[in-house]
Amino acid sequence: MIRKKLIAGNWKMNKTATEAAPLAQEIVAAAGRNTDVDIVVCPPFTALETVGKIVDGSSVKLGAQNMHHEASGAYTGEISAAMLRDLFASYVLLGHSERRSYFGETDAFINKKVTASLKNQLKPILCVGETLAEREAGTTLKVVQTQVEVGLEGVSNDDITNVVIAYEPVWAIGTGKVATTEQAQEVHAFIRELLTKLYGEALAQKIRILYGGSMKPANAPELLAQKDIDGGLIGGAALESRSFLELINAAAAAK
Ligand SMILES: O=C[C@H](O)COP(=O)(O)O
(Lines give C-alpha, C1' and ligand atoms only; values in the text may rest on other atoms or scores of the structure.)
Protein backbone atom coordinates (compact mmCIF):
# COMPACT_ATOMS: atom_id res chain seq x y z
CA MET A 1 0.00 0.00 0.00
CA ILE A 2 1.39 3.32 -1.05
CA ARG A 3 -0.18 5.18 1.89
CA LYS A 4 0.81 4.44 5.46
CA LYS A 5 -2.19 4.45 7.77
CA LEU A 6 -2.45 7.31 10.25
CA ILE A 7 -4.31 7.30 13.56
CA ALA A 8 -4.73 10.73 15.15
CA GLY A 9 -6.26 11.36 18.54
CA ASN A 10 -8.03 14.68 19.00
CA TRP A 11 -8.36 15.19 22.72
CA LYS A 12 -10.46 18.34 22.17
CA MET A 13 -10.97 20.39 25.39
CA ASN A 14 -10.19 17.45 27.64
CA LYS A 15 -7.25 16.69 29.94
CA THR A 16 -5.28 19.17 31.98
CA ALA A 17 -1.53 18.88 31.50
CA THR A 18 -1.49 16.80 34.69
CA GLU A 19 -4.12 14.43 33.34
CA ALA A 20 -2.57 14.32 29.88
CA ALA A 21 0.78 13.00 31.08
CA PRO A 22 -0.31 9.48 32.10
CA LEU A 23 -2.37 9.05 28.92
CA ALA A 24 0.62 10.05 26.78
CA GLN A 25 2.90 7.75 28.80
CA GLU A 26 0.58 4.78 28.29
CA ILE A 27 0.41 5.42 24.54
CA VAL A 28 4.18 5.74 24.23
CA ALA A 29 4.79 2.65 26.35
CA ALA A 30 2.49 0.51 24.23
CA ALA A 31 2.94 2.00 20.75
CA GLY A 32 5.97 4.27 20.84
CA ARG A 33 8.01 1.87 18.73
CA ASN A 34 5.27 1.10 16.26
CA THR A 35 6.40 2.11 12.81
CA ASP A 36 3.64 0.34 10.86
CA VAL A 37 1.20 3.15 11.53
CA ASP A 38 1.73 6.91 11.91
CA ILE A 39 0.41 7.94 15.32
CA VAL A 40 -0.45 11.52 16.26
CA VAL A 41 -1.85 12.90 19.51
CA CYS A 42 -3.43 16.35 19.63
CA PRO A 43 -3.79 17.52 23.23
CA PRO A 44 -5.06 20.98 24.16
CA PHE A 45 -2.50 23.81 23.90
CA THR A 46 -1.90 23.78 27.65
CA ALA A 47 -0.74 20.15 27.56
CA LEU A 48 1.41 20.39 24.40
CA GLU A 49 4.68 20.92 26.18
CA THR A 50 4.09 18.13 28.71
CA VAL A 51 2.94 15.65 26.09
CA GLY A 52 5.68 16.76 23.67
CA LYS A 53 8.36 15.85 26.21
CA ILE A 54 6.77 12.44 26.79
CA VAL A 55 6.46 11.51 23.12
CA ASP A 56 9.88 12.90 22.21
CA GLY A 57 12.11 10.17 20.78
CA SER A 58 9.17 7.80 20.18
CA SER A 59 7.25 7.27 16.97
CA VAL A 60 4.24 9.15 18.40
CA LYS A 61 4.00 12.61 16.89
CA LEU A 62 2.59 15.75 18.46
CA GLY A 63 -0.25 17.74 16.90
CA ALA A 64 -2.16 20.87 17.89
CA GLN A 65 -5.88 21.42 17.50
CA ASN A 66 -5.77 24.85 15.88
CA MET A 67 -3.51 27.82 15.10
CA HIS A 68 -3.69 31.38 13.81
CA HIS A 69 -2.47 32.13 10.30
CA GLU A 70 -0.47 35.25 11.15
CA ALA A 71 3.12 34.87 12.31
CA SER A 72 2.67 37.11 15.36
CA GLY A 73 0.84 40.23 16.50
CA ALA A 74 -2.17 41.55 18.36
CA TYR A 75 -4.38 38.45 18.29
CA THR A 76 -5.32 37.96 21.92
CA GLY A 77 -5.81 34.35 22.84
CA GLU A 78 -4.34 32.98 19.63
CA ILE A 79 -1.35 30.72 18.94
CA SER A 80 0.98 30.90 15.92
CA ALA A 81 2.59 28.16 13.87
CA ALA A 82 6.03 29.16 15.17
CA MET A 83 4.80 28.72 18.75
CA LEU A 84 3.66 25.21 17.90
CA ARG A 85 6.92 24.39 16.15
CA ASP A 86 8.79 25.65 19.19
CA LEU A 87 7.00 22.96 21.23
CA PHE A 88 7.92 20.36 18.58
CA ALA A 89 4.42 19.93 17.15
CA SER A 90 4.53 18.45 13.67
CA TYR A 91 0.80 18.33 12.84
CA VAL A 92 -2.09 20.74 13.28
CA LEU A 93 -5.82 20.11 12.95
CA LEU A 94 -7.46 22.81 10.87
CA GLY A 95 -11.11 23.49 10.12
CA HIS A 96 -12.52 20.97 12.54
CA SER A 97 -16.32 21.13 12.40
CA GLU A 98 -16.42 22.39 15.98
CA ARG A 99 -14.23 25.33 14.92
CA ARG A 100 -16.46 25.92 11.93
CA SER A 101 -19.75 25.78 13.84
CA TYR A 102 -18.87 27.33 17.23
CA PHE A 103 -16.25 29.82 16.12
CA GLY A 104 -17.49 30.72 12.66
CA GLU A 105 -14.42 29.55 10.74
CA THR A 106 -14.97 29.81 7.01
CA ASP A 107 -13.27 27.91 4.20
CA ALA A 108 -11.31 31.03 3.19
CA PHE A 109 -10.09 31.59 6.75
CA ILE A 110 -9.15 27.92 7.13
CA ASN A 111 -7.25 28.12 3.85
CA LYS A 112 -5.03 30.89 5.26
CA LYS A 113 -4.15 28.58 8.14
CA VAL A 114 -3.44 25.66 5.81
CA THR A 115 -0.95 27.69 3.78
CA ALA A 116 0.61 29.23 6.92
CA SER A 117 1.03 25.81 8.52
CA LEU A 118 2.81 24.44 5.46
CA LYS A 119 5.11 27.47 5.33
CA ASN A 120 6.12 26.60 8.89
CA GLN A 121 6.72 22.89 8.25
CA LEU A 122 3.59 21.84 10.12
CA LYS A 123 1.46 19.17 8.48
CA PRO A 124 -2.15 20.31 8.35
CA ILE A 125 -4.99 17.86 8.91
CA LEU A 126 -7.75 19.65 7.01
CA CYS A 127 -11.15 18.59 8.35
CA VAL A 128 -14.17 18.56 6.06
CA GLY A 129 -17.64 17.09 6.27
CA GLU A 130 -21.34 17.77 5.87
CA THR A 131 -24.02 18.44 8.47
CA LEU A 132 -27.06 16.21 8.79
CA ALA A 133 -29.20 18.84 7.04
CA GLU A 134 -26.74 18.95 4.13
CA ARG A 135 -26.71 15.16 3.83
CA GLU A 136 -30.50 15.06 3.88
CA ALA A 137 -30.66 17.77 1.25
CA GLY A 138 -28.39 15.67 -0.99
CA THR A 139 -25.58 18.25 -0.99
CA THR A 140 -22.87 16.22 0.77
CA LEU A 141 -20.49 15.99 -2.18
CA LYS A 142 -20.98 19.61 -3.17
CA VAL A 143 -20.27 20.80 0.38
CA VAL A 144 -17.17 18.62 0.70
CA GLN A 145 -15.94 19.72 -2.75
CA THR A 146 -16.03 23.39 -1.74
CA GLN A 147 -14.35 22.68 1.61
CA VAL A 148 -11.54 20.78 -0.10
CA GLU A 149 -11.09 23.14 -3.07
CA VAL A 150 -11.12 26.35 -1.04
CA GLY A 151 -9.22 24.78 1.86
CA LEU A 152 -6.38 23.81 -0.47
CA GLU A 153 -6.22 26.97 -2.59
CA GLY A 154 -2.61 27.93 -3.22
CA VAL A 155 -1.19 24.62 -1.95
CA SER A 156 1.50 23.59 -4.40
CA ASN A 157 2.32 20.15 -5.81
CA ASP A 158 5.43 20.19 -3.63
CA ASP A 159 3.40 20.70 -0.46
CA ILE A 160 0.30 18.62 -1.06
CA THR A 161 1.71 15.32 0.18
CA ASN A 162 2.28 16.97 3.58
CA VAL A 163 -1.45 17.61 3.82
CA VAL A 164 -3.82 15.12 5.42
CA ILE A 165 -7.56 15.39 4.81
CA ALA A 166 -10.02 14.21 7.45
CA TYR A 167 -13.56 13.48 6.35
CA GLU A 168 -15.84 13.84 9.34
CA PRO A 169 -19.57 13.80 8.75
CA VAL A 170 -20.73 16.28 11.40
CA TRP A 171 -23.72 14.11 12.29
CA ALA A 172 -21.36 11.27 13.26
CA ILE A 173 -19.11 13.27 15.60
CA GLY A 174 -19.54 12.32 19.23
CA THR A 175 -22.99 10.90 18.51
CA GLY A 176 -22.21 7.19 18.34
CA LYS A 177 -23.73 7.25 14.83
CA VAL A 178 -20.90 6.12 12.58
CA ALA A 179 -21.22 6.52 8.82
CA THR A 180 -21.71 3.21 7.04
CA THR A 181 -18.62 1.96 5.26
CA GLU A 182 -20.38 2.67 1.95
CA GLN A 183 -21.22 6.24 2.94
CA ALA A 184 -17.67 6.87 4.13
CA GLN A 185 -15.94 5.20 1.17
CA GLU A 186 -18.17 7.09 -1.29
CA VAL A 187 -17.02 10.45 0.07
CA HIS A 188 -13.39 9.36 0.43
CA ALA A 189 -13.33 8.18 -3.18
CA PHE A 190 -14.89 11.46 -4.24
CA ILE A 191 -12.21 13.43 -2.37
CA ARG A 192 -9.50 11.28 -4.01
CA GLU A 193 -11.02 12.04 -7.40
CA LEU A 194 -11.04 15.72 -6.61
CA LEU A 195 -7.40 15.57 -5.52
CA THR A 196 -6.59 13.77 -8.76
CA LYS A 197 -8.14 16.63 -10.74
CA LEU A 198 -6.24 19.18 -8.69
CA TYR A 199 -2.84 17.48 -8.36
CA GLY A 200 -2.75 14.54 -10.76
CA GLU A 201 -3.05 10.82 -10.13
CA ALA A 202 0.44 10.15 -8.72
CA LEU A 203 0.22 12.80 -5.99
CA ALA A 204 -3.44 12.12 -5.19
CA GLN A 205 -2.56 8.49 -4.51
CA LYS A 206 -0.10 9.61 -1.84
CA ILE A 207 -2.46 11.83 0.17
CA ARG A 208 -3.97 10.35 3.32
CA ILE A 209 -7.71 10.74 3.82
CA LEU A 210 -8.81 9.92 7.37
CA TYR A 211 -12.30 9.10 8.54
CA GLY A 212 -13.60 10.70 11.75
CA GLY A 213 -16.89 10.42 13.57
CA SER A 214 -17.57 7.83 16.29
CA MET A 215 -14.73 5.58 15.11
CA LYS A 216 -14.31 2.89 17.74
CA PRO A 217 -12.42 -0.43 17.98
CA ALA A 218 -15.62 -2.25 17.01
CA ASN A 219 -16.26 -0.41 13.74
CA ALA A 220 -12.69 0.51 12.80
CA PRO A 221 -11.58 -2.70 11.01
CA GLU A 222 -14.37 -2.44 8.46
CA LEU A 223 -13.84 1.28 7.86
CA LEU A 224 -10.05 0.93 7.65
CA ALA A 225 -10.39 -1.86 5.11
CA GLN A 226 -11.95 0.54 2.59
CA LYS A 227 -9.77 1.42 -0.36
CA ASP A 228 -9.66 5.16 0.28
CA ILE A 229 -9.81 5.25 4.08
CA ASP A 230 -6.25 5.79 5.24
CA GLY A 231 -6.76 6.09 8.97
CA GLY A 232 -8.87 7.78 11.57
CA LEU A 233 -9.29 11.05 13.42
CA ILE A 234 -10.48 9.88 16.79
CA GLY A 235 -12.27 11.90 19.46
CA GLY A 236 -13.89 10.01 22.34
CA ALA A 237 -11.99 6.76 21.84
CA ALA A 238 -8.66 8.63 21.97
CA LEU A 239 -9.19 9.74 25.56
CA GLU A 240 -8.52 6.31 26.92
CA SER A 241 -5.30 4.50 26.08
CA ARG A 242 -6.84 1.07 25.66
CA SER A 243 -9.30 2.02 22.94
CA PHE A 244 -6.75 4.28 21.21
CA LEU A 245 -4.23 1.42 21.15
CA GLU A 246 -6.86 -0.94 19.78
CA LEU A 247 -7.44 1.52 16.96
CA ILE A 248 -3.71 1.65 16.23
CA ASN A 249 -3.68 -2.15 16.09
CA ALA A 250 -6.71 -2.16 13.80
CA ALA A 251 -4.89 0.22 11.44
CA ALA A 252 -1.75 -1.92 11.52
CA ALA A 253 -3.80 -5.00 10.67
CA ALA A 254 -5.56 -3.20 7.82
CA LYS A 255 -2.42 -2.02 6.05
O1 LIG B 1 -11.76 15.00 15.78
C2 LIG B 1 -12.39 13.98 16.04
C3 LIG B 1 -13.77 13.85 15.66
O4 LIG B 1 -14.49 15.00 15.89
C5 LIG B 1 -14.44 12.58 16.06
O6 LIG B 1 -14.94 12.62 17.36
P7 LIG B 1 -15.60 11.29 17.96
O8 LIG B 1 -14.66 10.17 17.69
O9 LIG B 1 -15.77 11.58 19.42
O10 LIG B 1 -16.90 11.11 17.24
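Given the structure is predicted, the values throughout are model-derived calculations rather than measurements. Order of listing sets the numbers, starting from 1, for every ligand and every atom in it.
In summary, the side chains of Trp11 and Gln65 do not present any donor paired with an acceptor at a separation below 3.5 Å, with no hydrogens or angles considered. For the residue pair His96 and Glu105, no side-chain donor N or O sits within less than 3.5 Å of a side-chain acceptor on the partner. Using modelled atom types, one finds no donor on one side chain facing an acceptor on the other under 3.5 Å when comparing Gln121 with Arg85.
Taking distance alone, with nitrogen or oxygen atoms compared against 3.5 Å, Thr175 stays at or beyond that limit from ligand 1. No N or O atom of Glu98 sits closer than 3.5 Å to an N or O atom of ligand 1. The shortest N/O to N/O separation between Lys216 and ligand 1 does not fall below 3.5 Å.
Heavy-atom proximity to atom 10 (O) of ligand 1, evaluated over Gly174, Ala166, Gly9, is greatest for Gly174.
Residue-level proximity to ligand 1 for Asn10 is carried by the side chain, the only part with a heavy atom below 4.0 angstrom. The proximity of Ala172 to ligand 1, defined as any non-hydrogen pair under 4.0 Å, is limited to the backbone.
From the protein, the heavy atom lying nearest to atom 8 (O) of ligand 1 is Gly235 N, 2.9 Å. Distance from atom 9 (O) of ligand 1 to its nearest protein heavy atom, with residue and atom name: Gly236 N, 2.9 Å. Counting only heavy atoms of the protein, atom 3 (C) of ligand 1 lies nearest to Glu168 OE2, 2.7 Å.
Between atom CZ of residue Arg192 and atom CD1 of residue Ile165 there is a gap of 9.5 Å, rounded to the nearest 0.5 Å.
Near Ile173, meaning under 4.0 Å from one of its heavy atoms, ligand 1 places the atoms 4 (O), 6 (O), 10 (O). Within the listing of ligand 1, atoms 5 (C), 10 (O) sit less than 4.0 angstrom from a heavy atom of Gly213.
When the side-chain contact (heavy atoms from CB on, under 4.5 Å) test is applied to Glu186, the partners found at least two apart in sequence or on another chain are Leu141.
The only option from Leu126, Leu194, Asp107 that meets the side chain to side chain contact (heavy atoms under 4.5 Å, CB included) definition with Leu152 turns out to be Leu126.
The local environment of NZ in Lys216 is crowded, with over 12 non-hydrogen atoms from other residues, nucleotides or ligands closer than 6.0 Å.
Contact annotation: Ala237 has no heavy atom less than 4.0 Å from any atom of ligand 1.
The main-chain N or O of Thr131 is found under 3.5 Å from a side-chain atom of Glu134 such that the two form a donor-acceptor pair.
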